[in-house]
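Read the structure below first, then the notes.
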Amino acid sequence: MDKTQDTGSKDRKLKLPRLISDGMVLQRGTAVRIWGWAGAGENVTVEFIGKCYKTRTDEEGCWEIFLEDLKAGGPYDMEIKTSTAIMVRDVLVGEVWVCSGQSNMELPMERVKDQYPADMVNCDYPQIRQFNVALRCEFNTLHSDLAEGGWEAASPETISGFSAVGYFFARAIHEKYQVPVGFIKAAIGGSPIESWISGAALKPYPEVLERLLPYKDDNYVKKVLTGDEKATNSWYENLDKHDAGMTSGELPWYSDEVDTSGWEDMDLPARFENEGLEGLNGAVWFRKEIEVPENMLNKSARLWLGRIVDSDKTYVNGKFVGEITYQYPPRKYDIPADLLRKGKNTISVRVTSNNGNGEFISGKPYTLTAGGHTIDLTGQWKYRVGAVCGPLPEATFIQWQPTALYNGMLAPLTNYTVKGALWYQGEANTSRPSEYFSLMKTMIENWRQEWKQSNLPFIFVQLPNYGTADMLPSESQWAQLREAQLDSLQIPGTAMVVAIDLGEWNDMHPLRKKDVGERLALAARSEAYGEEIISSGPIFKDMKIKDNRITIEFFNTGSGLKAGNGKELKHFAIAGDDEIFKWAEARIEGNTVVVWNDSISMPKAVRYAWADNPEAANLMNEEGLPASPFRTDR
């Protein structure tokens, strides 16, 4: 399938792709493609940094030239002329990376501003730039251009919209090499890996392409989208119509004066199913009275309500202060300085549970802060069910279907010369870990072919820890997917960032994105820029069995192995012929780890950090880079 081109009449005016626009960053040290469209048979001239490049459009009006020997620097202007002319201003030459994947790559600096307040302020980096690729899914056409988007420089005014991982990566590379860095963010929350692979590359996967077939019919797609929208709107309209908290004829339940004497009590945070509301779909209202001292008045305040499953509308003293429409973002609501009053204040939260798993997530902050003072909001709240209904009809999410994001978002990038690709994805594929390595290999080969860069560096993030920690060794699909990612290091030109210490058990979107970005930069310095540095934590190499002990050997031991926080090694498990794993003792001996359990006389296999959330895992090298989870019992 060929990319669609902006073809037209012979007298068509000069047109450039969105990526070739004011503020762009071009890749140094290699041939850089500049391309566009004009009338058929027109002469094209490109003037840049004192050189003039000439070509002629083909019969479809397409043209391209290659810039040579670009050195880092700028800003420069580029003039492109046919019968008309376009001036592209503020062009930099440096390093260019593609940042792709799902929500943890997409997650913006706005979400981590409380984690990194100084970085939000000290972010005036005119030589760090992001191009944000907007969501577009497509099933029948390989697009040659993007529908929208432009380059933005990092500044306090723009930083909120930058990918947090992308920004911290770019800043580390910029500060190391003192060159401009641009990154193209093409990432969509929830997207499985197959949505980022072309249809041609997916031919060896007939079962994947079979899922795609219905979406090749535009009428079917429209029907799905219309049906989903109608069903969702109907569900929420029905909920609002029957929610007694809004329609009972009494005061609305967020009102300051509402009587809660007949309401039930619930200690928050809590899961609804543990409080007699198992499987409830509908609206549940929560209220809490707090005493606000005078020293918190007339000051900007913030209400922290952790995370709520699934959505909420929140009120303070009867006034609406904010809402989040889905479960993942943290609830952080700014309270106007004049809204709090001395003495009794009320907080009201309308929670909508649409999948029967309503919850205030534990381990998150539930506080009201103002003027340096904090009121703890955990503990007893009043609650009352406003409405009960069936579950919200499941949406189709057409953007998650095979090829959809490749065709609409990735294909238009492949003419743009880049240094390499960063990839943070995998959560959406944890239910199918056995196929992930093959798909990963296919995608990397697919991208390298389309970019016409056979050695394109590809650096990816291994999934972090997530979920409730298990008390005993257990099976884990998350661990299996991490293993598939580890296997991907077999592919030449790849590097992996281990993030097993950077997750949060209660949040699929952990906040320590600076560590992720800086570890990606460390891996890039080694893999893409050829520095001889320790850029990875220990990776399993081999094992040797002697008596009742197994000795594990590693790659990437750096200056030596150590246990994080100076504690004894944790989260090693060992098994004998019965294949029943038990927690093991583990001791560092030189650059190896010796593992044993005195109850197993003839051990056969070892696992390390083999769990959704191996929260105690602490093996690393002296450089502070954690070891990848592994198992020896394939």
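Worth knowing before you read on, the calculation uses all heavy atoms, side chains too, and leaves out hydrogens, waters and symmetry mates.
- Contact check for Phe139 versus Leu212: side-chain heavy atoms found under the 4.5 Å cut-off.
- The existence of a salt bridge linking Lys332 and Glu110 is excluded, since no basic side-chain nitrogen approaches an acidic carboxylate oxygen closer than 4.0 Å.
- Closest heavy-atom contact between Val133 and Leu146: CG1-CD2, 3.7 Å.
- When side chains are defined from C-beta on, Asn104 does not count as touching Val165, because their heavy atoms never get closer than 4.5 Å.
- Side-chain contact between Arg111 and Pro108 is present, with heavy atoms from C-beta onward closer than 4.5 Å.
- With rounding to the nearest 0.5 Å, the separation of CD in Glu504 from CG in Asn613 is 10.5 Å.
- Scanning both residues, Asp256 and Asn317, for their nearest heavy atoms gives OD1-CA, 3.8 Å.
- You'll find the side chain of Asp145 reaches within 4.5 Å of the side chain of Lys15, heavy atoms only.
- Taken from CG in Asp259 to NZ in Lys382, the straight-line distance is 10.0 Å, to the nearest 0.5 Å.
- Arg331 CZ to Ile308 CD1: the interatomic distance, rounded to the nearest 0.5 Å, is 5.0 Å.
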Stepwise side chain to side chain contact (heavy atoms under 4.5 Å, CB included) test for Gln130 and Ser163: CA-CA 8 Å; Gln130 172 184 269; Ser163 159; 3.8 Å; yes

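- For the pair Arg287 and Tyr315, the minimum side-chain heavy-atom distance is 4.5 Å or more.
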Evaluation steps, side chain to side chain contact (heavy atoms under 4.5 Å, CB included), between Lys241 and Thr247: CA-CA 7 Å; Lys241 180 179 179 180; Thr247 63; over 6 Å; no

Verdict with reasoning, Gln115 to Asp119, per side chain to side chain donor-acceptor pair (under 3.5 Å): CA-CA 9 Å; Gln115 181 83 2; Asp119 293 296; over 6 Å; no

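- Taking the six-membered ring where the residue is Trp, Trp478 and Tyr466 present tilted rings, their angle falling between 30° and 60°.
- Ser476 OG to Asn465 CG: the interatomic distance, rounded to the nearest 0.5 Å, is 11.0 Å.
- Taking the six-membered ring for Trp and the full ring otherwise, Phe437 and Phe460 have centroids separated by 6.0 Å or more.
- Between Trp381 and Phe360, the ring planes are tilted. Angles from 30° to 60° get that label.
- With a 4.5 Å cut-off on side-chain heavy atoms, Glu483 and Trp610 count as touching.
- Rounded to the nearest 0.5 angstrom, Leu520 CG and Tyr424 OH are separated by 9.5 Å.
- Nearest heavy-atom pair across Met105 and Cys99 is SD-CB, 3.7 Å.
- Across all non-hydrogen atoms, the minimal contact from Ser195 to Gln399 is CB-O, 3.9 Å.
- The pair Asp217-Lys223 fails the salt-bridge criterion, with no side-chain N (NZ, NE, NH1 or NH2) lying under 4.0 Å from an Asp/Glu carboxylate O.
- Salt bridge Arg350/Asp240: present, at least one basic N to carboxylate O contact under 4.0 Å.
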Worked check of side chain to side chain contact (heavy atoms under 4.5 Å, CB included) between Tyr406 and Ile197: CA-CA 6 Å; Tyr406 178 89; Ile197 303 174; 5.7 Å; no

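- Annotation: the span from Leu303 atom CG to Leu339 atom CG amounts to 10.5 Å, rounded to 0.5 Å.
- The two residues Pro156 and Cys123 make their nearest non-hydrogen contact at N-SG, 3.4 Å.
- Using a 30° and 60° split on the angle between ring planes, Trp423 and Trp196 fall in the perpendicular class, above 60°.
- Defined by atom type and a distance below 3.5 Å, a donor-acceptor pair is missing between the side-chain atoms of Tyr328 and Ser103.
- When all heavy atoms of Leu305 and Leu377 are compared, the closest pair comes out as CD2-CD1, 4.3 Å.
- Checking each of Glu194, Glu207, Glu427 against Arg432 for a salt bridge (Lys or Arg N to Asp or Glu O under 4.0 Å) leaves exactly one that passes, namely Glu194.
- With respect to Phe131, the ring pair (Phe, Tyr, Trp, His ring centres under 6.0 Å) criterion is satisfied by exactly one of Phe162, Tyr416, Phe183, Trp151: Trp151.
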